[in-house]
Asker: 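One structure, as structure tokens, below. Some questions next.
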Amino acid sequence: MPGRAICELFAAVGLILPVLLGVAPSLTGWAAAGLAVVMVGAMAMHGRLAIVQHKAAEWRNVGINVALLAIAVFVAAGRL
């Protein structure tokens, strides 16, 4: 899905760019918190696809979302 990939790319830029540029590095924590919210929604959607439409491959995506959620929460906790 190109839209999902673009959103995740913007999220990664939002996590890295403020710290690298030294411009409002406090935004990194908020970007991580926003990404955590998005990952919760992504986990719900992929889980729904896996159960309702019987797409077993979606469980792999849920695992990836869990890993990204853990990273985002770790970054948010360290920055906020």
Asker: For Leu21, enumerate each residue passing the side chain to side chain contact (heavy atoms under 4.5 Å, CB included) test, keeping only those at least two apart in sequence or located in another chain.
Answerer: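 Leu21: side chain to side chain contact (heavy atoms under 4.5 Å, CB included) contacts with Leu17, Val23.
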
Asker: Where do Met43 and Val62 come nearest, in terms of heavy atoms and distance?
Answerer: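 So the two residues come closest at O-CG2, 4.0 Å.
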
Asker: Does Trp30 sit in a hydrophobic cluster with other residues, and if so which ones, taking ILVMFWY side chains as linked at heavy-atom separations under 4.5 Å, directly or through other members?
Answerer: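 Traced through the cluster, Trp30 reaches Leu80.
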
Asker: State the CD-CD1 distance between Glu58 and Ile64, to the nearest 0.5 angstrom.
Answerer: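 The CD atom of Glu58 sits 10.0 Å away from the CD1 atom of Ile64.
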
Asker: Would Leu35 end up clustered with Val66 when hydrophobic side chains under 4.5 Å apart are linked, directly or stepwise?
Answerer: yes

Asker: Quick one: side chain to side chain contact (heavy atoms under 4.5 Å, CB included) partners of Ala32, sequence neighbours excluded?
Answerer: Leu15, Val75, Ala76

Asker: So, using side chain to side chain contact (heavy atoms under 4.5 Å, CB included) as the criterion, who are the partners of Val73 when residues are at least two apart?
Answerer: Ala36, Leu69

Asker: Leu27: which residues meet the side chain to side chain contact (heavy atoms under 4.5 Å, CB included) condition with it, sequence neighbours left out?
Answerer: Pro18, Ala24

Asker: At what distance, to the nearest 0.5 angstrom, does NE2 of His46 lie from CD1 of Ile51?
Answerer: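 Between His46 NE2 and Ile51 CD1, I get 13.5 Å after rounding to 0.5 Å.
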
